[in-house]
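Data first, discussion second: the structure below is written as structure tokens.
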There are 2 protein chains.
Amino acid sequence: MENKNIRIKDIARLAGVSVGTVDRVLHKRGKVSDKALEKVHAILDQIDYKPNLIARSLGLNRTFRVAAVLPDPKLDAFWVQSHEGLQQSEQEWQQQGLVIDYYFYDLHNKESYNQAFEKAIASNPDGAVVAPLFYKEALPFFQKFHENGVPYILFNTHIEHPHPLSFIGQDLYQSGRLAAELISPGLATGKKLAILHIHEDLPNSAHLLDKEKGFREYVASMSGLNVEVNTINLEAPENTSFETDLRKLFSDPQLHGVYISTSKAYQVVEFMKATGKNGCRIVGYDLLEKNLQFLKEGYINFLINQNPSKQAALSISHLINHLVFKTTPPKEALLPLEIITKENIDSYKPALAAQ
Amino acid sequence: MENKNIRIKDIARLAGVSVGTVDRVLHKRGKVSDKALEKVHAILDQIDYKPNLIARSLGLNRTFRVAAVLPDPKLDAFWVQSHEGLQQSEQEWQQQGLVIDYYFYDLHNKESYNQAFEKAIASNPDGAVVAPLFYKEALPFFQKFHENGVPYILFNTHIEHPHPLSFIGQDLYQSGRLAAELISPGLATGKKLAILHIHEDLPNSAHLLDKEKGFREYVASMSGLNVEVNTINLEAPENTSFETDLRKLFSDPQLHGVYISTSKAYQVVEFMKATGKNGCRIVGYDLLEKNLQFLKEGYINFLINQNPSKQAALSISHLINHLVFKTTPPKEALLPLEIITKENIDSYKPALAAQ
DNA sequence: CTGAAAGCGCTAACAC
DNA sequence: GTGTTAGCGCTTTCAG
């Protein structure tokens with residue numbers, strides 16, 4: 001029966017001071033004499049004090065406003081899942097006083113991006129979670145957050161910067177390697193592979209290049225095989241070049257597989273179905289409704305789940321824990337590269353629904 | 001600013017009664033006049049009261065002893081992960097007063113199984129989580145838990161019974177189908193597949209037969225292919241028949257892939273390495289150290305993660321939530337069928353370490 | 001049957 | 001600087 005949790009009160013008694021003093025040293029709030037500080041630390045060193053977070057959260061009794069900056073979910077289905085993850089987390093943490101303010105931007109419009117960040121900063125939040133798709137533009141805003149003492153977490157897109165509390169995302173190089181591994185069974189010398197980037201401002205999409213690099217390096221390392229890998233930057237399907245480019249691609253009988261670097265694999269499959277193309281391995285990303293349908297129908301072999309909802313949930317979780325419990329999250333949390341096929345998708349469905 | 005959470009105090013005020021009374025009706029603890037009950041319900045119907053679970057847990061201030069009945073982790077590496085998951089959860093929930101008592105049994109010895117259950121029941125716990133490997137033997141114990149009013153959760157092994165609070169595990173039929181899907185690239189008519197059950201009392205392993213069924217049905221459904229699937233019940237590697245049987249299996253040049261239904265794939269690979277066999281697809285289960293090594297080396301193509309640690313953690317989580325917060329978990333929680341390859345294993349590692 | 005009140009562990013305002 | 005104290009929302013005991 002020794003698992004009696006130690007309370008602040010116990011420490012106070014042992015150190016011969018009051019709880020107020022102990023609390024002050026625990027939170028480094030100053031106004032403590034060297035002597036008292038020493039006494040308390042002496043006790044703290046001996047015992048393993050673990051604050052009761054439940055009680056802390058109750059005692060704190062304050063609300064946290066966090067700003068969420070991300071692409072408008074109405075404009076791109078991928079971001080719907082992030083948004084849902086955030087909303088889900090908002091519910092989960094509302095008892096500890098979480099309120100999220102959303103600042104959406106058009107992911108093809110830098111102006112709206114800047115505006116979203118400006119508004120978020122002007123709202124003077126307690127913390128922020130941001131998906132910073134445009135690299136260079138983000139830097140001054142990060143600086144601003146930092147100056148204002150606003151802790152912020154990046155998710156989905158990694159931007160090198162000294163101040164973020166944490167980055168939540170995936171290892172994109174490894175993601176590319178994985179895609180190559182999944183696409184490779186049956187590959188032989190002379191066959192060809194294609195990497196498709198759809199409708200992306202490539203200068204701002206360093207992350208897609210990481211995926212490409214991983215993919216290419218994996219293929220290159222396959223012993224005894226000589227396989228051509230072509231990269232194609234596709235316009236959005238509205239443009240006529242979309243169809244022209246795909247038609248050319250699929251006319252090659254040596255084409256073994258196509259790797260789509262974003263969540264837009266379904267757009268390629270729609271072309272394939274319309275034109276009767278078939279018999280080529282497809283690896284793409286993310287559990288969008290249309291992707292799932294084509295996965296079930298056998299057009300898509302594998303989807304790699306970037307798990308936007310979990311990214312969002314984890315971001316909030318780390319931020320709130322930092323705000324409420326003063327914990328420090330890891331500098332970087334890389335989520336698992338989940339492989340989804342038509343035979344395991346249903347086992348992921350309940351989790352999706354729950355999120 | 002309307003997100004003010006409603007408190008019991010508010011309800012009391014609105015209903016014109018005291019908080020004590022409100023609490024009594026909320027928890028159906030009786031000793032409330034019809035009139036008061038009606039008044040409170042009238043308010044409750046109008047508003048959406050969500051108790052502050054944080055405060056509840058603080059106010060409750062009691063400890064929960066839960067009994068964990070599972071195979072001895074010292075005798076089988078698979079169960080080490082379950083054990084770790086439980087220990088991890090114990091830490092996480094210790095602030096709400098969780099203490100876990102462990103009752104291990106030898107997974108090849110029914111006598112020790114019965115003893116473990118008997119001791120667990122005799123300890124008169126507040127709740128239990130159990131991995132009931134032996135089907136028939138478990139039933140009377142379940143009955144006993146039920147009679148004693150002890151809520152209990154099954155994990156890993158599903159046993160049909162009316163009383164468990166929940167079952168946490170995976171869909172094994174689907175797991176078999178998935179294995180078949182993963183093993184199938186390159187399959188052609190005339191090729192052969194093997195299903196290996198290693199060192200199992202098959203009568204007590206209905207679950208392995210579910211996997212087998214899924215595997216076979218997937219293969220049978222592959223259009224235009226005629227593939228022979230053979231089931232082999234292997235003894236443990238200590239027995240000479242282990243080697244004889246494997247030698248025979250691998251001598252067949254038509255062998256395309258081997259599906260090992262348990263976490264013992266590494267035992268097969270050890271044989272393969274020792275005898276220089278190669279070039280055959282291997283699908284197995286679980287992230288044991290040796291399995292991971294052979295995955296990295298390319299001997300094993302895929303591992304399906306049964307995620308014992310997450311199973312255990314989820315079991316505890318559901319049980320504690322039931323005990324502390326009086327929530328009712330779903331009758332059945334089927335975890336995702338996680339596909340692990342040499343290219344995504346590292347992305348799962350941090351999660352493993354964290355668990 | 002009902003209400004008042006103490007207490008869970010922690011925080012923070014407030015006297016001294 | 002330091003100790004005391006009220007209070008977070010809920011549970012539970014205890015008079016009445």
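Chain A is the first sequence line, chain B the second, and so forth, proteins listed ahead of strands; every chain is numbered from 1.
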*Closest approach of A:L60 and A:V324, non-hydrogen atoms and distance?*
CD2-O, 3.6 Å
*Would you check if the side chain of A:H322 reaches a backbone N or O of A:T327 as a donor-acceptor pair within less than 3.5 Å?*
yes
*Step by step, would you call A:H163 with A:F142 a ring pair (Phe, Tyr, Trp, His ring centres under 6.0 Å)?*
CA-CA 7 Å; A:H163 303 312; A:F142 289 176; 9.3 Å; no
*What is the nucleic acid contact for A:V17, judged by heavy atoms within less than 4.0 Å: base, sugar-phosphate only, or nothing?*
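Sugar-phosphate contact only - A:V17 comes under 4.0 Å of backbone atoms but never of a base.
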*With heavy atoms under 4.0 Å as the rule, sort A:A12 into base, sugar-phosphate or nothing.*
nothing
_First of A:I6 and B:K35 reached from the 5' end of DNA chain C, by closest nucleotide_ = B:K35
*asked:* By nearest heavy atom, map A:L53 and B:R24 onto DNA chain C; which one lands nearer the 5' end?
replied: B:R24
Interatomic distance where [atom1] belongs to [X] and [atom2] belongs to [N] [whole Å]:
| X | N | atom1 | atom2 | answer |
| --- | --- | --- | --- | --- |
| A:I8 | C:dA12 | CD1 | P | 11 Å |
| B:K31 | C:dC1 | NZ | P | 8 Å |
| A:R62 | C:dA13 | CZ | C1' | 16 Å |
| B:Q94 | C:dG9 | CD | P | 13 Å |
| A:K50 | C:dC10 | NZ | C1' | 18 Å |
| A:K9 | C:dT11 | NZ | P | 15 Å |

Check whether any side-chain nitrogen or oxygen of [X] sits under 4.0 Å from OP1 or OP2 of [N], and answer yes or no.
| X | N | value |
| --- | --- | --- |
| A:Y49 | C:dG9 | no |
| A:R29 | C:dA12 | yes |
| A:R7 | C:dG9 | yes |

*Go through C:dT11, C:dT2, C:dC10 for me and flag the one nearest to the A:N52 side chain.*
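So the side chain of A:N52 is nearest to C:dC10.
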*Just compare C:dC1, C:dG3, C:dC8 and give me whichever is closest to any side-chain atom of B:L58.*
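It is C:dC8.
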*Please say whether more than 12 non-hydrogen atoms of neighbouring residues, nucleotides or ligands are located less than 6.0 Å from CD in A:E38.*
no
*Answer yes or no: does atom NZ of B:K331 have more than 12 heavy-atom neighbours from other residues, nucleotides or ligands under 6.0 Å?*
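Buried by this count: over 12 neighbours within 6.0 Å.
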*Identify, between B:G20 and B:I54, the residue whose nearest nucleotide on DNA chain D lies closer to the 5' end.*
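Checking each residue's closest nucleotide, the 5'-ward one belongs to B:I54.
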*asked:* Taking the ring of B:F145 and the ring of B:F141, is the distance between their centroids below 6.0 Å?
replied: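 No, ring centres 6.0 Å or more apart.
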_Let's go through A:Q311 and A:Q81 carefully: what are the C-alpha distance in whole Å and the side-chain angles of both, what is the deciding distance for side-chain contact (heavy atoms from CB on, under 4.5 Å) to 0.1 Å, and is it a yes or a no?_
CA-CA 10 Å; A:Q311 283 184 21; A:Q81 295 183 56; over 6 Å; no
*For chain B, the stretch of DNA chain D it reaches, first to last nucleotide, under 4.0 Å of its heavy atoms*: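 Using the under 4.0 Å cut-off, the span is D:dG9 to D:dT12.
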